[in-house]
Structure formats: C-alpha cells, structure tokens
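Computed over heavy atoms, backbone and side chain alike; hydrogens, waters and symmetry mates excluded. Sequence lines set the chain letters: A, B, ... in the order given, protein chains first and strands last, and positions in each chain run from 1.
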Number of protein chains: 2
Amino acid sequence: MHPRITIKDIAALSGVSAGTVDRVIHGRGNVSRKARELVEQAMRELNYEPNLIASTLAYNRTLKITALIPDYRSDPYWEQPKSGIEKASLAVRHYGVQVEFVYFPMFSPSRFLKEAEEIIDANPDVLLFAPLFREESGQILRRCAARKIPAALINTDLEDQEALCYVGQDSFQSGVLAGKLLHFGLRPGDMVAVINLDKQIMHARHLLEKERGLRAYFSRHPWEDIGVIRADFEHFEDPQAMQEFLSGLLNAHSRLKGLFISNSRSYRILDAMAGLERPRLRLVGFDLLPANLAYLESNQIDFLINQNPVQQGYQAVMSIFNHLILRKKVERVQYLPLDIVVSENYSYYVAKEKGFQVLV
Amino acid sequence: MHPRITIKDIAALSGVSAGTVDRVIHGRGNVSRKARELVEQAMRELNYEPNLIASTLAYNRTLKITALIPDYRSDPYWEQPKSGIEKASLAVRHYGVQVEFVYFPMFSPSRFLKEAEEIIDANPDVLLFAPLFREESGQILRRCAARKIPAALINTDLEDQEALCYVGQDSFQSGVLAGKLLHFGLRPGDMVAVINLDKQIMHARHLLEKERGLRAYFSRHPWEDIGVIRADFEHFEDPQAMQEFLSGLLNAHSRLKGLFISNSRSYRILDAMAGLERPRLRLVGFDLLPANLAYLESNQIDFLINQNPVQQGYQAVMSIFNHLILRKKVERVQYLPLDIVVSENYSYYVAKEKGFQVLV
DNA sequence: AAAGCAGCTGTGTTCGCACACAGCCTTTAC
DNA sequence: GTAAAGGCTGTGTGCGAACACAGCTGCTTT
C-alpha cells in the first residue's frame with residue numbers, strides 16, 4: 001500500500017520496458033502476445049492502479065464543455081443550476097475542463113435551436129443543455145450524435161433519446177410528496193388547489209407532472225376524501241390582479257384549505273394575500289428563494305420542497321467529468337433528492353447551497 | 001484562458017528564472033526585494049494560478065490520516081460514518097492521502113484513550129476521531145497539539161477545544177424538528193414521549209440534547225398544549241421486556257399519541273408493538289436503516305430524520321483534504337442537514353448514501 | 001542476396017512544479 | 001589582505017505517465 005506501484009515496477013517485474021507496459025495499458029497494439037500476458041500478469045500481481053495525477057499531467061489535454069441554459073436574467077430559477085455548474089467547473093478546472101455558457105430566451109425555441117447549432121459548429125467536447133423544447137432538442141441530439149459530441153441533459157429528460165446522462169428532478173413524485181405534506185393539515189371533505197403561475201402552462205411539462213403527482217396521491221388515499229382543483233394564472237406580476245384571482249378562488253370554494261404552488265412563485269401568492277381575509281390555508285411550494293424563506297419562517301408557508309437546482313448543475317458537470325476523465329460509469333438518469341424544508345431545518349440547506357464546502 | 005499560465009511565463013515576463021518565481025510563491029526567502037516585486041507584479045498581471053496537478057505530482061508527499069471511531073461491529077450506526085470516510089478516501093487517494101482505521105469499544109473510555117495514544121505515537125499526519133468521552137478526548141487533543149498533529153472531530157463536538165473542524169449533527173435542533181413533525185398529528189391535550197433506548201443514557205449527550213430540543217419546540221408553541229414525558233429503557237434487545245415496557249407506558253398515559261425515538265432503534269419499538277392493541281401513534285425516529293425504512297413505507301413510522309451519518313465521515317475527510325492539500329479555509333463547525341424523510345421521498349436518500357456518484 | 005517491410009521493442013522527451021545544488025557577488029571578520 | 005559568511009540567483013533533476021521515434025528482429029519480395 002505505502003510505496004505506490006508505478007509503471008516501472010510492472011516493467012521490472014515482467015521484464016519489459018515502460019513503453020511496452022504503456023502500450024498494454026492503452027491497448028495500443030504492437031505488443032507480442034507473450035509480453036502482453038507477462039505485463040497483465042504483473043499488473044494483477046502488484047494490483048497496479050495508474051496514478052491519475054501523473055496521467056492527467058501527461059495527457060495535457062483540455063475538455064471543453066459548453067452549457068446551454070435559459071437566460072438567468074429572465075428567470076431567477078436558472079441562477080441556481082448555473083451556480084452549480086460554475087462550482088463544479090471550479091472543482092474540475094485543474095483537470096483541463098473548461099466550461100463555457102451560452103444562454104437562450106426562456107420562451108424561444110428558434111433561438112434555442114440557433115444557439116445550439118452555433119455551439120455544435122464550434123465543436124465542443126461535450127454539450128450540456130436543458131432540452132426545454134422537445135422537437136428542437138431531438139434535432140440537436142441527433143446532430144450531436146452525428147458529430148460524436150456527447151450530450152448531457154439537465155432539468156428535463158428526453159427519455160427516448162441517446163444521451164450521456166440526465167440530471168434533474170422527478171416532477172411527478174414531487175407532486176405526490178406535496179400531497180402527503182398537504183394532507184397533514186386537512187380534514188375529510190376539504191379541498192386543495194394546484195396553482196400554476198406561469199405564462200405558457202401548456203408547455204411547462206413539469207407543472208403538469210406535478211399536478212398529476214398530487215392527484216395520484218389523493219386517489220391513492222381516497223379515505224382522506226380530499227378534492228383537487230386546478231387554477232392557472234398568468235398575470236402574477238400584477239398584485240391587483242393576483243388579489244382578485246385569489247379572492248375569487250377562495251369565494252368559489254369555501255372548503256378550500258390547501259394550496260400547492262407548482263413552481264417557485266409561492267411568495268407571489270402570499271404577497272397578494274397580505275390584506276385578504278381568509279381561513280387558515282396550508283401551503284406547499286418549491287425552492288428556497290429568500291422571499292419564500294421569509295414566509296416559511298413566519299409559518300405562512302408550511303413546507304417548501306427543495307429540488308436541489310444547484311446540485312443539478314453541479315452533478316451534471318461531475319458526471320461528464322467522471323465519464324470522460326475518470327472513465328467511470330455514470331447513471332443515465334439521476335434524480336435529485338426532494339428535500340422537505342420547514343422553518344426548523346431550512347438553514348442547513350441554505351448553507352449547503354452557498355456551498356462553502358467545495359469538493360476538490 | 002486557454003493556454004494556462006505557467007511558472008515559466010511569469011519567469012519570462014518578470015525577467016528572472018523559474019527558481020526565483022518558485023521561491024516567491026512559497027515565500028522561501030532568499031529573494032531580493034526587487035525580484036520579488038517584479039514576480040508578484042507579473043503574477044497579478046497574468047492572473048497566475050498554480051497547476052494543482054503538477055504541484056501534487058512534484059510534491060510527491062503522502063498524508064496519513066488515522067481515523068479512530070467506535071467499532072462498527074458493536075453498533076451498526078458507525079458503519080455509516082465509516083463508509084463515508086472510505087468513500088472520501090477513495091476520492092482523494094490520488095493526492096497521496098491514506099486513511100487508516102482504528103476501532104474502540106463503544107463503552108470503554110480506557111480503551112479509547114489507549115488506542116488514541118498508540119496512534120499518536122505512530123505519528124500520523126492527521127487524527128480524525130469521535131470524541132465520545134469528554135475527559136479522555138481533552139487529553140488526546142492536548143497531546144495532538146503538543147506534537148502538532150491536527151485533529152478533526154466527528155459526531156460530537158468539544159466546543160472549548162482546539163481542533164481543525166467538527167462535522168456532525170445538531171442534536172438540539174433535530175429535537176426541535178421532531179417536535180414540529182410530531183405536532184401535525186396531535187390535538188391539544190395530547191402527550192408525546194421521548195424514548196431513549198440506550199444502555200448508558202447519562203453518557204449519551206446527544207440523546208439528552210434531542211430531548212431538550214423537543215421540549216423547546218413545545219414550550220415555544222404552548223397553544224398546541226402538548227405534554228412531554230420521557231422514558232428510558234435499556235433492554236431493547238429483549239422483545240418480551242420491550243413489549244411490557246411499551247404496554248406499561250401506553251396504559252399509564254391514555255392520551256399518549258406520539259413517540260419520539262431518540263436514536264436509530266425505532267424498528268425495535270415497532271417490532272415489539274406488532275401484536276399490541278394500541279391507538280394510532282405518531283412516530284418520529286432517526287436514520288435510514290433498512291428495518292426503519294420498511295416501517296416508514298408501511299406508514300407505521302411517520303417521519304425519519306436523516307442526520308446524514310455517511311456525509312459526516314465524507315465531509316470530515318474532505319475538510320482535512322481541503323485544509324492540508326488545497327490549503328483552503330475550512331469551517332470550524334459543520335452541521336449536516338437534517339433531512340425529513342417520508343415514504344414518498346426516502347428512495348433518493350438511500351440512493352445518495354449508496355453513492356454511485358462519487359465526486360472526483 | 002539485397003532490399004523492403006512489417007512486428008515489436010526500448011529510449012527519450014514532455015507535462016508544470018518542488019526542491020537540491022552550485023555558482024555567483026557582496027559583505028563582514030580578523 | 002584573505003577568508004569566511006552570507007544573500008541571491010539560475011540550472012538541473014525527479015514526480016509518473018503519454019507518446020514519438022529510432023532501432024532491432026525476422027520475414028517476404030524481387
């Protein structure tokens with residue numbers, strides 16, 4: 001264990017030169033059968049393990065990853081995966097891994113496609129992207145395959161497509177979990193509402209999956225006798241409109257006792273409800289935004305589900321690294337934990353996201 | 001960005017040799033004021049960052065960490081920190097970090113002290129240990145300080161002592177959290193019991209802290225009107241005795257509706273209650289042992305709190321690595337997240353602990 | 001028989017940095 | 001005055017692996 005076995009040791013033991021050992025290790029050919037067997041024997045005997053440090057130094061290669069994600073300036077959510085990608089890139093920069101960012105407007109499939117094509121033309125070693133648009137993303141993956149550029153997906157999976165890996169949340173299950181969390185405060189006959197605060201709800205597959213999950217929970221637990229309704233609302237930036245929307249909802253359903261906000265905009269609801277007369281409402285939402293955390297702490301939000309968006313970016317880069325530099329196997333689908341966050345435990349998650357503890 | 005700046009580049013720019021640059025970087029002295037300033041100037045100008053890979057290769061040092069933890073064969077809990085330490089050691093082995101394990105019997109301060117002394121005599125580079133016994137651990141830390149061996153603590157902190165870092169759980173807060181989780185199923189006037197299944201409860205500071213936390217939660221929420229009692233029981237291996245203990249407890253307190261099991265032995269309670277007639281009891285416990293998970297899945301345990309024991313070991317080794325190899329600052333106190341685990345989200349945590357995704 | 005050509009092999013250089021060492025030149029001591 | 005003692009500098013070697021290249025064999029070709 002102590003003096004690590006080097007290539008020279010096996011060269012000596014098997015009676016050949018370091019060059020031959022190297023050829024065997026890399027399967028470069030030009031090695032006689034006899035020599036190869038001797039070397040393999042010696043490697044097994046001494047339990048040889050190549051020195052990763054020396055190896056990366058000698059390779060002297062560089063791996064260019066281009067990350068294509070929605071513009072974080074138009075949607076603060078994307079700051080988080082971005083920050084995770086940046087952290088990971090700091091951790092692996094010594095190995096010659098370079099990460100470059102390209103952004104596309106959240107709602108523009110055409111710009112998405114155009115940017116992706118430009119990236120592919122620049123011939124990066126890996127493409128890391130968020131395939132928000134199914135059709136265009138399929139095209140991109142096919143072009144990558146044609147040029148032998150491996151692709152890693154985050155946020156949204158394209159199940160049927162060839163890709164190095166997918167790192168993201170399990171939206172359906174997060175809906176199921178929300179059901180569980182909401183049921184604590186409810187009584188038979190109560191109702192809950194799924195609230196989608198988004199512009200183009202039909203395109204937001206995640207939101208629909210979350211709703212499906214929530215409904216699944218309550219249909220698996222029929223004895224709890226909870227009804228589920230759904231309400232979409234686009235003008236969440238307008239406090240006045242929000243307030244009207246909400247009071248309309250509450251007036252229409254007197255037994256509405258729980259809200260499930262399907263994205264990170266819970267705080268919009270509570271901002272709007274500030275003045276409203278209303279019953280005690282159970283509230284479950286997503287993401288540890290400062291505005292949400294304030295309401296969590298004052299117990300106006302009961303639970304936040306943390307989808308670990310920072311980890312999402314981090315883990316995607318690390319998977320690429322593991323695959324291409326360390327040549328390790330990588331899971332095709334990597335779901336991140338769904339953390340249940342309440343006022344009593346949120347501080348740990350915030351600290352983790354700030355991520356003082358960078359690994360290597 | 002692309003062609004990384006090397007020591008030669010700054011040597012060229014500042015008009016000195018690589019040797020002098022090296023002396024400046026390491027503050028080895030023997031450099032004229034003028035040369036030093038030129039080099040520093042050039043480093044700033046080119047934004048020089050030493051190549052970690054080349055550096056570790058050239059150092060060719062080895063860092064021996066000895067880990068002293070309770071024997072995992074006598075307490076399965078310790079398999080988890082152990083596995084975390086092993087994982088981390090795999091991740092950093094390329095940097096010359098070697099981890100060696102020494103075990104001590106859970107309940108023997110003298111053996112603990114003896115093993116620690118032997119380790120220190122063997123002169124490791126770092127000592128990583130679980131200071132279960134206050135008095136003896138203080139002695140050990142002082143000996144480490146005298147021999148300039150840095151020490152990292154896991155599981156239990158010695159607040160007043162000099163140490164590189166502490167990685168562990170926040171027991172008090174986990175009790176508070178348990179209070180929050182229990183209260184969901186309770187009504188005013190109900191009672192909860194803290195159940196300590198341990199041999200030497202007075203020595204188990206963590207258990208006492210958890211109880212304090214639970215009581216703190218309910219005294220901060222007096223309107224919930226929940227009474228807290230405590231029950232210690234040592235003979236948890238004996239199903240017959242357990243059953244009598246439990247039925248005694250339930251008979252004595254008719255409004256007992258919640259149990260908080262302060263360590264990982266929740267499954268013992270449920271094993272014993274299998275035949276028992278009993279009201280619907282809310283149950284909160286710790287740790288994702290398979291036996292506990294089975295009860296979680298069948299909803300006989302409502303919540304498990306995950307203290308991330310695997311992470312504990314992992315993070316401790318990584319902190320040592322960050323401090324001594326990467327020369328980064330490390331937080332003195334590192335609390336791990338308190339994950340709330342229910343049947344709807346446990347699978348992610350189990351997958352994480354199995355830890356396919358090893359970082360570097 | 002000479003030339004050509006594979007198949008196989010060892011040596012040498014490189015990656016960027018750490019550190020030993022020899023070679024200055026200047027100061028101080030006697 | 002010389003010797004010793006510094007202060008400061010550049011060169012050179014090594015860490016372990018990757019890869020280029022030259023050299024060696026034995027074989028086929030003409």
Side-chain angles (χ1 to χ4, degrees), chain A residues 1-40 42-43 46-63 93-98 324-327, chain B residues 1-40 42-43 46-63 93-98 324-327:
Chain A
M1 163 162 277
H2 312 122
R4 277 195 58 156
I5 304 299
T6 79
I7 217 171
K8 280 185 191 167
D9 297 319
I10 24 181
L13 179 61
S14 51
V16 300
S17 75
T20 302
V21 175
D22 181 73
R23 275 179 286 261
V24 172
I25 291 175
H26 295 87
R28 265 194 261 282
N30 285 341
V31 176
S32 68
R33 182 195 171 87
K34 193 178 151 203
R36 181 165 51 76
E37 280 169 359
L38 277 170
V39 169
E40 281 168 351
M43 291 205 298
L46 298 183
N47 195 17
Y48 172 72
E49 215 188 337
N51 181 326
L52 174 68
I53 299 295
S55 172
T56 46
L57 182 62
Y59 266 125
N60 200 26
R61 72 191 141 186
T62 108
L63 188 83
R93 72 189 190 287
H94 297 117
Y95 294 84
V97 178
Q98 290 171 6
L324 281 129
I325 309 277
L326 303 189
R327 284 137 202 272
Chain B
M1 166 163 277
H2 311 123
R4 278 194 57 157
I5 304 300
T6 78
I7 216 172
K8 279 185 192 167
D9 297 319
I10 24 181
L13 180 61
S14 51
V16 299
S17 74
T20 301
V21 176
D22 180 73
R23 275 179 285 262
V24 173
I25 291 175
H26 295 87
R28 266 195 260 284
N30 285 341
V31 176
S32 69
R33 182 196 172 87
K34 191 178 153 205
R36 182 165 51 76
E37 280 170 359
L38 277 170
V39 169
E40 282 167 350
M43 290 204 297
L46 298 183
N47 194 17
Y48 172 72
E49 217 188 334
N51 181 325
L52 176 65
I53 299 295
S55 171
T56 45
L57 183 62
Y59 266 126
N60 199 28
R61 72 191 143 184
T62 108
L63 188 83
R93 71 188 190 286
H94 297 117
Y95 295 84
V97 178
Q98 291 171 6
L324 278 115
I325 308 279
L326 303 188
R327 283 139 202 273

Per-helix bend value, the helix from C:dA1-D:dT30 to C:dC30-D:dG1, C1' rotation axes over five pairs per end, 10° rounding, shows 60°
In numerical order, the residues of residues 20-27 of chain B whose heavy atoms come under 4.0 Å of DNA chain D are B:Thr20, B:Arg23
Whole-Å distance, A:Arg36 CZ to C:dG7 C1', equals 14 Å
Residues at least two apart in sequence or cross-chain that pass side-chain hydrogen bond (donor to acceptor under 3.5 Å, both in side chains) with B:Glu40, listed by chain then number, are none
When rounded to the nearest 0.5 Å, the distance separating CD1 of B:Ile5 from OH of B:Tyr48 is 10.0 Å
The correct set of residues in residues 11-19 of chain B placing a heavy atom under 4.0 Å from DNA chain D is B:Val16, B:Ser17, B:Gly19
Are any non-hydrogen side-chain atoms of B:Met43 and B:Val39 less than 4.5 angstrom apart? yes
Any side-chain heavy atom of B:Leu52 sitting closer than 4.5 Å to one from B:Leu326? yes
| task | Scan A:Leu57 against the nucleic acid and name what it touches under 4.0 Å (heavy atoms): base, sugar-phosphate only, or nothing. | result | base
Do the side chains of A:Ile7 and A:Ile25 get nearer than 4.5 Å, heavy atoms only?
yes
Rounded to whole Å, CD1 of B:Ile325 lies from P of C:dA18 at a distance of 13 Å
Residue-phosphate contact under 4.0 Å: A:Thr56 side-chain N/O, C:dC15 OP1/OP2
no
Side-chain contact check for A:Ala35: nearest option of C:dC17, C:dC19, C:dT9 is C:dT9
Separation between CD (B:Gln98) and OG1 (B:Thr62), nearest 0.5 Å, reads 4.5 Å
5'-most contact on DNA chain D (nearest-nucleotide basis), B:Asn30 vs B:Tyr59, goes to B:Asn30
CG of A:Leu46 to CG of A:Leu13, rounded to nearest 0.5 Å, is 5.0 Å
Side-chain contact check for A:Asn60: nearest option of C:dA18, C:dT9, C:dC15 is C:dC15
* To do: Have a look at B:Asn51 and say if it touches a base, only the backbone sugar-phosphate, or nothing, with a 4.0 Å heavy-atom cut-off.
  => sugar-phosphate
Bounded by its outermost nucleotides with an atom under 4.0 Å from a heavy atom of chain B, the footprint on DNA chain D reads D:dC8 to D:dG16
Rounded to the nearest 0.5 Å, the CZ atom of A:Arg327 sits from the CD1 atom of A:Ile325 at a distance of 8.0 Å
By nearest-heavy-atom nucleotide on DNA chain D, the more 5' of A:Arg28 and B:Arg33 is B:Arg33
pair B:Arg4-B:Asp9: side-chain heavy atoms closer than 4.5 Å:
no
For residues 15-24 of chain B, which side-chain N or O atoms pair as donor and acceptor with protein atoms under 3.5 Å away, sequence neighbours left out?
residue	atom	partner	partner atom	Å
B:Ser17	OG	B:Gly19	N	3.4
B:Asp22	OD1	B:His26	ND1	3.4
B:Asp22	OD2	B:Arg28	NH2	2.7

*Do A:Ser55 side-chain atoms and A:Asn51 backbone N/O form a donor-acceptor pair below 3.5 Å?*
no
